[in-house]
Number of protein chains: 2
Amino acid sequence: MGIRERKERHKENLKAQILEAAKRLFVKEGYAATSIRKIAAEIEFSPTTIYLYYKDKSDIAYALHQEGFLLFRERLAVLELVEHPFERLRAMGRAYIQFALDHPDFYEVMFIMREPMDYLETHHPEQDWPEGERVLDGLFQTIHACQQAGYFNDIGTQEMAILSWNVVHGLCSLHITGHFRSIAEKCAPHQDFKKDSLLEDVFQAYMKVIERMK
Amino acid sequence: MGIRERKERHKENLKAQILEAAKRLFVKEGYAATSIRKIAAEIEFSPTTIYLYYKDKSDIAYALHQEGFLLFRERLAVLELVEHPFERLRAMGRAYIQFALDHPDFYEVMFIMREPMDYLETHHPEQDWPEGERVLDGLFQTIHACQQAGYFNDIGTQEMAILSWNVVHGLCSLHITGHFRSIAEKCAPHQDFKKDSLLEDVFQAYMKVIERMK
DNA sequence: CAAATTTAGTTAACACTGTTAATTATGCAA
DNA sequence: TTGCATAATTAACAGTGTTAACTAAATTTG
């Protein structure tokens, strides 16, 4: 029987298979359209089977959230090689934006949606947000190195790190949620090229601003 | 003649009543928990009656979105009285943050949720986002006045306006979606007071940064 | 080996959701 | 009074997350 074969094949990685199926649906149709029942259908199991491996839907959301951070760190890791701290900061910002443009669904589950955060708070109240802290820590170190190199020394390292994060997050989140759709062309009605480079332009403006802080 | 007018008035009345009921539920339990059926129950009408006055749920979301901008502009209007443009910019930023803290649900429907934006695009594709543009225009003018006063003249006005918007939006959105919950205390483990003033601190850092750009 | 027990997975159901088609009730004009 | 347009309703569709009860298979125990 085909069903028995399938069962034997995936005896132990069913949890991983659920996540893979969820990820497939998720990147194809977004989180909102990824229902428990569809995930179940994708792996040819009953919907309730999902609940044997994941507590609830926010648990799956958090798993996708973690998956996104895996992708994200993988991308940013190479930037450790950029020696000049200020140029590294610039590269990190651009990489952040590019990640959001390449993987808007992952960006949403990582930085916009409440569900993964709610899962952390309700099911693991003791610990806080390891993924976010790890990324922010990398940014913190680069900002610190910038300050060692003489940049923005009259600003707190934490404040500067969170500020820089905020600038790119503001851009990416407003872009993804559709709030920039009409803003872009209003900003440059007779410059069509600007429509596609608003994120880049504003980020460059930020870098220009903090560049002077030496 | 007069009959039709009265009918229209009654119709507008019920439409307004629906919105009022939606707003009540919305500020009390958030958008996610505000269902069509609950709105209908609140005004003691059948659920389908809602559809005689609003196209679909995203239509209601957009109405709440507009309602939020009404509140928002009402608050910011008085800041036109602040003469010094840079101080006006500072006041606008603080007012923006305070609005988000006071009305997180409205902030969410105004700047975070896709639904109102989707309504605009699918049901009114010709026009773009009037609420956003109007607010951004006010910011644009203040930035322009700052530049006239000698601030950040080597940065484009549009870029500077959107950048400033991004900074406060980044702060408010990450705060509202719960992404700052654990970040705050990590930043200042032995300074309890900082937990509540992260938004203010980072905003001040931004103001400090652009203050130097004269 | 057979019986008991644990485990994995399923079916059926609950209580919701947004939304539409068909139907009834209501007030107005001819 | 009849006919008609409109307002509002009921019933239903197609989905959602989630839980309790149940079955079948595997494993442990006497």
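Bear in mind the structure is a predicted one, so any value in this text is a computation, not a measurement. Numbered from 1 within each chain, the chains take letters A, B, ... in sequence-line order.
- Distance CD (B:Q17) to P (D:dA7): 15 Å, rounded to an integer number of Å.
- Ion pairing between A:E67 and A:K23 holds under the 4.0 Å rule for side-chain N and carboxylate O.
- With rounding to whole Å, A:F45 atom CZ is found 14 Å from D:dA25 atom P.
- Checked against a 6.0 Å centroid threshold, the rings of A:F106 and A:Y31 do not count as neighbours.
- For A:T48 and C:dT11, a side-chain-to-base donor-acceptor distance below 3.5 Å is present, hydrogens and geometry of angles not being considered.
- A:Y62 pairs by the ring pair (Phe, Tyr, Trp, His ring centres under 6.0 Å) definition with A:H65, A:Y119, not counting sequence neighbours.
- Applying the ring pair (Phe, Tyr, Trp, His ring centres under 6.0 Å) criterion to B:H175, with sequence neighbours excluded, gives no partner residue.
- Note: CD (A:E44) to P (C:dT10) measures 11 Å, nearest angstrom.
- Distance A:K15 NZ to C:dT7 P: 17 Å, rounded to the nearest Å.
- No side-chain donor-acceptor contact under 3.5 Å links B:T122 and B:D118.
- For an aromatic pair to be called close, the ring centres must be under 6.0 Å apart, and B:F180 with A:W165 satisfies this.
- As a whole-Å value, the separation of A:I50 CD1 from C:dA8 C1' is 14 Å.
- Annotation: salt bridge (Lys or Arg N to Asp or Glu O under 4.0 Å) contacts involving residues 166-176 of chain B, sequence neighbours excluded, are absent.
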Please produce a list of atom pairs where a protein N or O lies less than 3.5 Å from an N or O of nucleotides 15-17 of chain D.
from   : atom 1 : to    : atom 2 : distance (Å)
D:dT16 : OP1    : A:S35 : OG     : 2.7
D:dG17 : OP1    : A:I36 : N      : 3.1
D:dG17 : OP1    : A:K57 : NZ     : 3.3
D:dG17 : OP2    : A:I36 : N      : 3.0
D:dG17 : N7     : A:R37 : NH1    : 2.4
D:dG17 : O6     : A:R37 : NH2    : 3.0

**OP:** Show the numbers, then the answer: is there a side chain to side chain contact (heavy atoms under 4.5 Å, CB included) between A:Y107 and A:C172?
**Re:** CA-CA 8 Å; A:Y107 190 89; A:C172 295; 3.7 Å; yes

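- If you take OH of A:Y53 and P of D:dT18, they are 18 Å apart, rounded to a whole angstrom.
- Protein atom CG of B:N13 is 15 Å distant from nucleotide atom C1' of D:dA7, rounded to whole Å.
- Following rounding to the nearest Å, A:Y119 (OH) and D:dT18 (P) show an atom-to-atom distance of 12 Å.
- With sequence neighbours left out, B:F72 forms a ring pair (Phe, Tyr, Trp, His ring centres under 6.0 Å) with B:Y96, B:F99.
- Remark on the helix from C:dC1-D:dG30 to C:dA30-D:dT1: inter-end axis angle 30°, axes from five-pair C1' superpositions, rounded to 10°.
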